[in-house]
K.L.:
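My questions will all concern the structure given below.
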Amino acid sequence: MKTTVIILISIILAGCASQQKLTSEKEIITTTPEQINTKLEFELTTGKSHNHPSFAIWVEDLEGNYIETLYVTQYFAKGVFGHGESEPGKWKNEPGEVRRPAALPYWSHKRNIKAADGFYAPSPETAVPDALTGATPKGNFTLNTGSKVAGENSFRVVVEINQPWDSNDFWNNNKFPEDLNYNTSLQPALVYEAVITPSSPKTEYILNPIGHSHPSGETGELFNDLTTITTAKEIFSKINVIVVR
């Protein structure tokens, strides 16, 4: 009996250790843009509200002109989600096309590729190339990628993050009850940014929130007032990028 108890305790402890290792391990994702002149390594650390968000990472010049996409979570990038839409607002238990223009509208409008239905969110026909997508990481992760930006020109790296059905007292189902696109998102997508200066000896940069996107994705506007945003700020606790030299 004593031996059996010891064995059971050992199994439980081993299981706990394995689970701890699993949750602490960091995923590594690599994307391959067409041309890499500046190698970049992003580190995203999950926060307490992290729950399978969609997000996009891209590069702009200092005037805010879009240069290129570096990474987009796969479901949004392809316009096909794990649960397809049988009709607006109703879901089926199999993969299928879903239109979610409120998910990442700031990036979608910057990319500026319009689908047949008039939305800028990717559809199967306007999907992001496989080289720039990947499954949504379940926890902390590193993205190894790079940009075609060369030389000493400064540039911006931008991240837009959205978690579906992420409500709070201000952004809730009663705010725009007839807007199905808004109601798939609730709290709008958050946008983070850092300015990279290649001529500087500095190699690591922290991305800070600069605003939120349009709540239903109708436009590519950026709204700088974040006073109504709560748990959406806690999807990631830290986002930083390292210029690899």
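Just so it is clear, the values below take in all heavy atoms, side chains as well, and ignore hydrogens, waters and symmetry mates.
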K.L.:
Given side chain to side chain donor-acceptor pair (under 3.5 Å), test Thr230 with Asn168 step by step and report yes or no.
P.N.:
CA-CA 7 Å; Thr230 55; Asn168 64 14; 3.0 Å; yes

K.L.:
Using 30° and 60° as the class limits, which term best fits the ring planes of Phe236 and His50: parallel, tilted or perpendicular?
P.N.:
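Judged by the thresholds at 30° and 60°, the geometry between Phe236 and His50 is perpendicular.
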
K.L.:
Decide, yes or no, whether a salt bridge links Glu43 with Lys26 under the criterion of side-chain N to carboxylate O below 4.0 Å.
P.N.:
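Yes, this pair counts.
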
K.L.:
Do Trp171 and Leu222 share a hydrophobic cluster (ILVMFWY, side-chain heavy atoms under 4.5 Å, transitive)?
P.N.:
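No, no single cluster joins them.
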
K.L.:
Please verify the inter-ring angle class for Phe81 with Phe76; under 30° counts as parallel, over 60° as perpendicular, anything in between as tilted.
P.N.:
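Geometry flag for Phe76 against Phe81: perpendicular rings.
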
K.L.:
Quick one: list whatever passes ring-ring contact (aromatic ring centres under 6.0 Å, His included) with Tyr182, sequence neighbours left out.
P.N.:
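Partners of Tyr182 under the ring-ring contact (aromatic ring centres under 6.0 Å, His included) test: Phe176.
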
K.L.:
Pairs under 3.5 angstrom only: tabulate donor-acceptor contacts from the side chains of residues 188-203 to other protein residues two or more places apart or in another chain.
P.N.:
from	atom 1	to	atom 2	distance (Å)
Glu193	OE1	Arg156	NH1	3.4
Glu193	OE2	Arg156	NH1	2.9
Ser200	OG	Lys202	N	3.0

K.L.:
Are Ile210 and Val241 linked, directly or through intermediate hydrophobic residues, by side-chain heavy-atom contacts shorter than 4.5 Å (ILVMFWY only)?
P.N.:
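Looking at the clustering, Ile210 is in a separate group from Val241.
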
K.L.:
What I'd like to find out is whether the side chain of Glu218 reaches to under 4.5 Å of the side chain of Pro105, using heavy atoms alone.
P.N.:
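Heavy-atom side-chain distance check fails, nothing below 4.5 Å.
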
K.L.:
Can you name the ring-ring contact (aromatic ring centres under 6.0 Å, His included) partners of Phe119, sequence neighbours left out?
P.N.:
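Not a single residue meets the ring-ring contact (aromatic ring centres under 6.0 Å, His included) criterion with Phe119.
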
K.L.:
Please determine whether residues Ile239 and Ile57 belong to a single hydrophobic cluster, defined as Ile, Leu, Val, Met, Phe, Trp and Tyr linked transitively by side-chain heavy-atom distances below 4.5 Å.
P.N.:
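Yes: a chain of side-chain contacts under 4.5 Å links Ile239 to Ile57.
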
K.L.:
Could you go through residues 32-42 and list every donor-acceptor pair under 3.5 Å that involves a side-chain atom there, pairing it with any protein atom two or more places apart or in another chain?
P.N.:
from	atom 1	to	atom 2	distance (Å)
Asn37	ND2	Lys148	O	2.6
Thr38	OG1	Val149	O	2.6

K.L.:
Could you tell me whether the side chain of Asn181 and the main chain of Thr184 form a donor-acceptor pair under 3.5 Å?
P.N.:
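A pair under 3.5 Å: no.
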
K.L.:
Does anything in residues 235-245 pair up under salt bridge (Lys or Arg N to Asp or Glu O under 4.0 Å), and if so which pairs, sequence neighbours excluded?
P.N.:
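The answer is none; no pair qualifies.
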
K.L.:
By side-chain contact (heavy atoms from CB on, under 4.5 Å), which residues pair with Glu27, not counting sequence neighbours?
P.N.:
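Applying side-chain contact (heavy atoms from CB on, under 4.5 Å) to Glu27 gives Pro137, Lys138, Phe141.
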
K.L.:
Is it the case that atom CG in Asn65 sees more than 12 heavy atoms from other parts of the structure closer than 6.0 Å?
P.N.:
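More than 12 heavy atoms, drawn from other residues, nucleotides or ligands, come within 6.0 Å of this atom.
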
K.L.:
Side chains of Val243 and Glu204: closer than 4.5 Å at any heavy-atom pair?
P.N.:
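With C-beta onward as the side chain, the pair stays apart.
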
K.L.:
Side chain to side chain donor-acceptor pair (under 3.5 Å) for Ser49 and Gln163? Distances and angles first, verdict last.
P.N.:
CA-CA 9 Å; Ser49 297; Gln163 198 150 271; 5.8 Å; no

